[in-house]
Amino acid sequence: MSSSKLQQSAPGAMTDPVRYPVSASPPVRTKRAFVLILLTLLVPGSAQIVAGDRKLGRAALTVTLCVWAVLALTVLLLLLNRTLLVNIIANPFASLAIVILLVALAIGWAALFINTLRLIRPVLLAPSVRPAVVVALVLAMVLGSGSLGYAAYLLNVSRNAIGSIFSSGPAIDPVDGRYNFLMMGGDAGEDRTGRRPDSLSVLSVDAETGQTAIISVPRNLQNAQFSEDSPMRSIYPDGYDCGDECLINAINTEVTNEHADLYPGVADPGAQATMEAVSGTLGMEIQAYVLVDMQGFSSLIDAMGGIRIKAGGWVPMSGYFDDFSQTHGMPLGWIPAGEQTLDGNQALWYGRSREYVDDYSRIQRQQCVQQAMLKQLDPTTLLAKFEDIANAGTKVVESNISSAQLGSFVDLAIKARGHDVKRLTIGPPDFDASFSTVPDFDQIHQRVDQLLASASARGAQSAGTPDDAIAVPKAGAGRIQAAGASPAALLAGSSTAPQPSPSDFTPVTTTPDGEPITAELLNQLKRNGDEEAIRQLVATNGQCAPL
């Protein structure tokens with residue numbers, strides 16, 4: 001270009017108000033300042049291209065476009081392959097790389113905002129405008145780079161929680177099309193080696209549909225059978241049959257204290273042996289366990305903001321137990337019947353209390369608490385309380401599930417939300433109360449097979465088959481022909497009448513005389529020693545439904 005042309009173009013270029021604000025009017029400078037802040041927030045690097053160092057702007061804009069491409073790919077994976085996406089995030093090395101990348105992007109974005117402030121040249125702005133521009137830039141920086149930094153922090157919290165809770169072992173394969181997990185809730189006091197599970201439930205999930213079945217095993221089940229590959233069969237070949245002390249929930253402590261040498265290299269021999277005992281007892285292969293420490297359970301509920309349930313009857317928060325009279329003292333409090341929001345302490349008592357009722361009412365309440373937690377741990381709650389939930393989880397939950405498989409199980413959990421949960425209890429209402437003392441294992445295996453068949457993809461496909469022609473597949477051996485019986489009747493064991501919904505009940509809130517049941521009334525009956533009257537008023541407290 002000739003010198004004359006340069007001289008002609010230079011004055012026009014110097015009057016560009018975006019790149020040369022000196023020649024602009026005060027209103028234009030103000031507008032320019034806010035536009036540059038908005039450009040840096042929405043398209044990082046574009047402010048530098050139009051008003052500053054174009055080389056820096058092009059580099060930043062290249063990074064921005066790459067990030068947008070990665071975000072688009074992430075959304076695509078979320079829609080088409082959610083399992084792969086979760087597995088990438090759950091992988092310890094991939095998640096560490098993402099954390100480092102997010103931190104670097106947050107720092108780089110913050111540097112662009114600082115550079116944008118230099119481009120704005122606040123000294124050229126009217127004094128009354130400067131504070132507003134600075135505040136806008138700080139807010140934009142917090143919204144942009146601050147959000148990236150917070151995302152890196154949350155991902156690091158998640159990474160640490162996954163590493164603390166889940167194992168790094170190999171992934172597991174479904175058995176007969178299902179994943180089977182043992183859920184245990186137990187106490188681990190300072191004076192105790194090994195937990196004695198207070199609740200035992202098997203969660204069986206169809207690997208294709210997410211259809212879920214829950215099988216509750218009473219803690220007082222006797223003569224539990226160990227699976228064929230269990231090392232404990234060398235000690236108890238005929239089952240855990242050493243008398244009244246050999247309840248299934250005692251296996252954890254006994255193995256931890258006396259037989260840990262049978263499980264070399266196993267992180268928790270007691271939990272592994274209990275899983276093998278439940279597997280042999282139910283006649284199904286259980287691949288993994290999740291153990292919840294009930295002492296820390298309340299902190300997890302509190303981190304979620306409580307759980308919402310419909311309670312069928314009043315539940316006592318029991319006081320001290322008098323060994324001489326074999327009765328509890330005055331309750332520490334009561335959980336009313338009806339719709340309730342339970343905090344952590346109340347939820348712990350709601351799942352623990354068995355005063356005035358039997359163990360099976362407590363099992364029903366424990367199942368209800370578990371379902372309420374799963375139902376209410378939605379994405380909104382998880383994001384709003386993520387840090388508290390993750391920190392509480394590391395203190396409460398232990399599992400041998402491989403972190404490499406979390407993606408598959410998260411996907412299954414999402415599918416499961418669309419299905420009703422099918423249930424079986426190895427005790428009332430599905431078996432007699434005395435059944436756990438002298439269990440018939442052939443009968444247990446048959447009922448478990450029927451339950452799983454009804455909760456399988458094949459069972460769902462045959463739902464339209466007439467009731468008098470249903471063939472229920474029995475795992476591992478032939479087929480059972482169920483003539484003249486509906487699936488509900490098979491699971492109920494005898495009656496062909498339709499089974500009521502678990503939530504189809506009316507909470508008992510009044511006495512037979514119509515007087516409202518209150519904590520004061522129940523406490524007065526307790527002071528009067530009228531235990532039977534209390535027992536009748538709270539008899540329905542096993543009824544529960546998550547809200």
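All of these numbers come straight from a predicted model, not from anything done at the bench.
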Colleague: Stepwise, does the side chain to side chain contact (heavy atoms under 4.5 Å, CB included) test hold for L148 with W109?
Modeller: CA-CA 9 Å; L148 283 182; W109 205 349; 3.5 Å; yes

Colleague: Do S353 and R365 come close enough that some side-chain heavy atom pair is under 4.5 Å?
Modeller: yes

Colleague: Evaluate the side-chain proximity of F113 to L36: yes if any heavy-atom separation is below 4.5 Å, no if none is.
Modeller: no

Colleague: Distance check, rounded to the nearest 0.5 Å: L42 atom CG versus I37 atom CD1?
Modeller: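 Separation between the atoms: 11.5 Å.
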
Colleague: Which pair of heavy atoms, one from S128 and one from P131, lies closest together, and at what distance?
Modeller: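 Between these two residues, the closest heavy atoms are O-CD, 3.8 Å.
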
Colleague: Does S145 use its side chain to pair, donor to acceptor, with the backbone of V142 at less than 3.5 Å?
Modeller: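 Absent.
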
Colleague: Determine whether L342 and R308 satisfy the following criterion, side chain to side chain contact (heavy atoms under 4.5 Å, CB included), listing intermediate values before the conclusion.
Modeller: CA-CA 6 Å; L342 307 182; R308 299 179 300 280; over 6 Å; no

Colleague: Could you check whether any side-chain heavy atom of V202 comes within less than 4.5 Å of a side-chain heavy atom of F181, counting everything from C-beta outward?
Modeller: no

Colleague: Can you see whether R178 engages S204 through a side-chain donor-acceptor pair at a distance of less than 3.5 angstrom?
Modeller: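 Note: R178 and S204 side chains meet the donor-acceptor criterion.
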
Colleague: Would you please test V50 and R19 for side chain to side chain contact (heavy atoms under 4.5 Å, CB included) and show each step?
Modeller: CA-CA 7 Å; V50 301; R19 185 164 290 276; 5.5 Å; no

Colleague: Side chains of V205 and Q211: closer than 4.5 Å at any heavy-atom pair?
Modeller: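 No, every pair of side-chain atoms sits at 4.5 Å or beyond.
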
Colleague: If you take all heavy atoms of S201 and S216, which pair is closest and at what distance?
Modeller: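 The answer is OG-OG, 3.7 Å.
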
Colleague: Does L119 form a side chain to side chain contact (heavy atoms under 4.5 Å, CB included) with Q48? I'd like the steps, not just the answer.
Modeller: CA-CA 8 Å; L119 296 179; Q48 282 67 34; 4.0 Å; yes

Colleague: Would you mind reporting whether P231 and Y263 have side-chain heavy atoms less than 4.5 Å apart?
Modeller: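 Yes, their side chains come closer than 4.5 Å.
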
Colleague: Report yes or no: does R130 contribute a side-chain atom to a donor-acceptor pair with the main-chain N or O of L125 at less than 3.5 Å?
Modeller: yes

Colleague: Could you grab the distance from atom CG of L71 to atom CG of L76, nearest 0.5 Å is fine?
Modeller: 12.5 Å

Colleague: Give me the atom names and distance for the closest heavy-atom approach of S454 to K422.
Modeller: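 Taking S454 first and K422 second, the nearest heavy atoms are O-CE, 3.1 Å.
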
Colleague: Would you give the length of the straight line joining atom CD1 of I120 to atom CZ of R29, rounded to the nearest 0.5 angstrom?
Modeller: 13.5 Å

Colleague: With no hydrogens and no angle check, is any side-chain donor or acceptor of K310 less than 3.5 Å from a backbone partner on F505?
Modeller: yes

Colleague: Quick one about N180 and E285 (side-chain donor to acceptor, distance below 3.5 Å, no hydrogens or angles considered), yes or no?
Modeller: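 On atom types as modelled, these side chains do not qualify, holding no pair under 3.5 Å.
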
Colleague: Considering non-hydrogen atoms only, spot the tightest contact between I88 and A94 and give its length.
Modeller: O-CB, 3.2 Å

Colleague: To the nearest 0.5 Å, tell me how far T212 OG1 sits from D206 CG.
Modeller: 8.5 Å

Colleague: Nearest 0.5 Å please: distance from the CG atom of L262 over to the OG atom of S230.
Modeller: 8.5 Å

Colleague: For a side-chain contact (heavy atoms from CB on, under 4.5 Å) with Y350, tell me which candidate from I307, I301, I335 qualifies.
Modeller: I335

Colleague: Search all heavy atoms of D302 against all heavy atoms of G344 and return the closest pair with its distance.
Modeller: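 So the minimum-distance heavy-atom pair works out to OD1-N, 2.8 Å.
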
Colleague: Determine whether T40 and M141 make a side-chain contact, defined as any pair of heavy atoms from C-beta on separated by less than 4.5 Å.
Modeller: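 Result no, sub-4.5 Å side-chain heavy-atom pair not found.
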
Colleague: Kindly say whether I251 contributes a backbone atom to a donor-acceptor pair with the side chain of T274 at under 3.5 angstrom?
Modeller: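 No; judged by distance alone, with no hydrogens or angles, the pair does not exist.
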
Colleague: Please name the pair of heavy atoms, one in M275 and one in Y289, separated by the smallest distance, quoted to 0.1 Å.
Modeller: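 Taking M275 first and Y289 second, the nearest heavy atoms are SD-N, 3.9 Å.
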
Colleague: Going by heavy atoms in the side chains, are T74 and L78 under 4.5 Å from each other?
Modeller: no

Colleague: Say you draw a straight line from CD1 of I49 to CG of L39; how long is it, rounded to the nearest 0.5 Å?
Modeller: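 Answer rounded to 0.5 Å: 10.0 Å.
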
Colleague: Does M284 reach the side chain of L452, with side-chain heavy atoms less than 4.5 Å apart?
Modeller: yes

